Amino acid sequence: MKRVTVKVKVDDIAEFEKRMREIDLEFEPTLYQHDRIYVPRGFKRGMNLPRLIMRTEMRSVDEPAKYKLILKRHIEDSGIEITDRSEVKDYAEIVNMLHQLGFVLAAEVSRRRKRIELGETSRIYLDKVDNLPGHYVKIDTALDENEKVSEVMDDLQRTLKLFHLSKKKISQESYLEMIQKNDIINTK
């Protein structure tokens, strides 16, 4: 599925959550996610290569975890991200298959995520990512065959404005890239 996404750091989480309540949008309960991100050998950003993510999701410790294999491929010059996912029954077997296919573990990212579904095609996420300061809002929408990326991006930016978030703060970096940059800054 082709998706268009914007991600913005939230300066004031209390103000953001207040704004969401004012417009009658309420997040689902927190979901705990741990991603193990696999990339092909020689992976570099901008090469349009896929990333495969083994995701563990938990709502609470007394419920069983769910496992998903997610393919993400960001097409740099188009603004589109191709995303496909499938639930996994045997985590260890899928990880072994990834290694056999030549993928290597690049990093792990953990987060606490809240979500709002907006119709059938759009979602808003509020993420608190381990090893990153603050909270992030991520809004994504499925791209219809007849829609232009620029029109969808304009719509997502108007949505940000509705939430009092600045389009100037949109980040194109993945959480992995943000964590790596933060680690470099903190080790200097």
Side-chain angles (χ1 to χ4, degrees), residues 1-10 13 16-17 20-21 25-40 43 45 49-74 80-101 103-143 156 159 163 165 170-183:
M1 173 180 303
K2 294 178 181 177
R3 302 193 74 80
V4 179
T5 303
V6 294
K7 181 183 339 157
V8 176
K9 185 172 182 185
V10 178
I13 188 64
F16 172 75
E17 289 178 326
M20 297 299 283
R21 285 189 303 274
L25 289 175
E26 189 171 329
F27 286 103
E28 296 174 1
T30 300
L31 182 65
Y32 301 90
Q33 295 179 330
H34 182 79
D35 291 350
R36 297 184 76 187
I37 302 163
Y38 293 85
V39 297
F43 177 88
R45 184 176 173 95
L49 293 173
R51 296 181 317 271
L52 292 171
I53 302 164
M54 283 298 301
R55 178 170 289 166
T56 303
E57 292 184 342
M58 291 181 61
R59 291 237 177 255
S60 68
V61 293
D62 58 342
E63 294 179 22
K66 291 183 181 179
Y67 306 105
K68 296 178 182 174
L69 175 64
I70 302 166
L71 174 134
K72 288 194 175 198
R73 186 167 170 235
H74 186 74
I80 295 173
E81 184 168 85
I82 296 171
T83 305
D84 291 298
R85 65 187 70 225
S86 182
E87 199 157 324
V88 169
K89 293 187 192 296
D90 190 335
Y91 186 99
E93 187 65 26
I94 296 297
V95 168
N96 183 47
M97 291 168 69
L98 295 176
H99 288 288
Q100 293 299 318
L101 289 168
F103 282 77
V104 293
L105 179 63
E108 299 186 42
V109 176
S110 295
R111 75 179 140 260
R112 289 168 303 286
R113 171 172 274 181
K114 295 180 183 181
R115 178 179 71 186
I116 296 173
E117 296 278 339
L118 296 175
E120 294 181 25
T121 61
S122 298
R123 299 178 293 238
I124 301 172
Y125 301 105
L126 178 61
D127 291 333
K128 175 61 183 125
V129 180
D130 291 359
N131 302 317
L132 282 180
H135 290 78
Y136 292 83
V137 169
K138 184 175 171 181
I139 306 172
D140 74 10
T141 191
L143 186 64
L156 291 175
T159 303
F163 302 144
L165 298 171
I170 291 175
S171 173
Q172 298 300 321
E173 295 177 311
S174 68
Y175 288 134
L176 167 61
E177 292 164 327
M178 294 166 84
I179 290 169
Q180 289 171 335
K181 186 188 293 183
N182 192 47
D183 287 347

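These numbers come from a predicted model, not from an experiment.
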Exercise. Got a sec, which residues hit side-chain contact (heavy atoms from CB on, under 4.5 Å) with Gln172, two or more places apart in sequence or on another chain?
Worked result: Arg45, Ile170
Seminar exercise, completed: Sorted by chain and number, sequence neighbours left out, side-chain contact (heavy atoms from CB on, under 4.5 Å) with Leu105 holds for Arg36, Tyr38, Glu108
Between [atom1] of [X] and [atom2] of [Y], what distance do you get to the nearest 0.5 Å?
X	Y	atom1	atom2	answer
Lys181	Ile179	NZ	CD1	12.5 Å
Phe16	Arg21	CZ	CZ	10.5 Å
Leu156	Thr5	CG	OG1	7.5 Å
Phe103	Leu49	CZ	CG	8.5 Å
Lys114	Met20	NZ	CE	10.5 Å
Ile139	Leu118	CD1	CG	8.0 Å

For this session: Scan for salt bridge (Lys or Arg N to Asp or Glu O under 4.0 Å) pairs involving residues 117-143, sequence neighbours excluded, and state none if there are none.
Result: Arg3-Asp140, Arg112-Asp130, Arg113-Asp127, Arg115-Glu117, Arg123-Asp140
Exercise. Looking at residues at least two apart in the chain, or sitting in another chain, which of them share a side-chain hydrogen bond (donor to acceptor under 3.5 Å, both in side chains) with Thr141?
Worked result: Ser122
What pairs of donor and acceptor atoms, side-chain ones from residues 82-91 against any protein atom, are under 3.5 angstrom apart with sequence neighbours left out?
residue: Asp84; atom: OD1; partner: Met1; partner atom: N; Å: 3.1
residue: Asp90; atom: OD1; partner: Ala92; partner atom: N; Å: 3.4
residue: Asp90; atom: OD1; partner: Glu93; partner atom: N; Å: 3.1

Please list, one pair per line, the donor and acceptor atoms closer than 3.5 Å that link side chains of residues 50-59 to other protein atoms, with sequence neighbours excluded.
residue: Arg55; atom: NE; partner: Asp35; partner atom: OD1; Å: 2.7
residue: Arg55; atom: NH2; partner: Asp35; partner atom: OD2; Å: 3.0
residue: Glu57; atom: OE1; partner: Lys68; partner atom: NZ; Å: 3.2
residue: Glu57; atom: OE2; partner: Gln33; partner atom: NE2; Å: 2.9
residue: Arg59; atom: NH1; partner: Pro29; partner atom: O; Å: 3.1

For this session: For the pair Lys72 (side chain) and Glu81 (backbone), establish whether a donor and an acceptor sit closer than 3.5 Å, ignoring hydrogens and angles.
Result: no
For this session: Using the side chain to side chain contact (heavy atoms under 4.5 Å, CB included) rule, take Phe163 and Leu25 through it: C-alpha gap first, then chi angles, then the decisive distance, then the call.
Result: CA-CA 11 Å; Phe163 302 144; Leu25 289 175; 3.9 Å; yes
For this session: List the atom of Met178, the atom of Ser171, and the distance in Å for their closest heavy-atom pair.
Result: SD-OG, 4.1 Å
For this session: Compare every heavy atom of His34 with every heavy atom of Ser110, then report the nearest pair and how far apart it is.
Result: OG-ND1, 2.5 Å
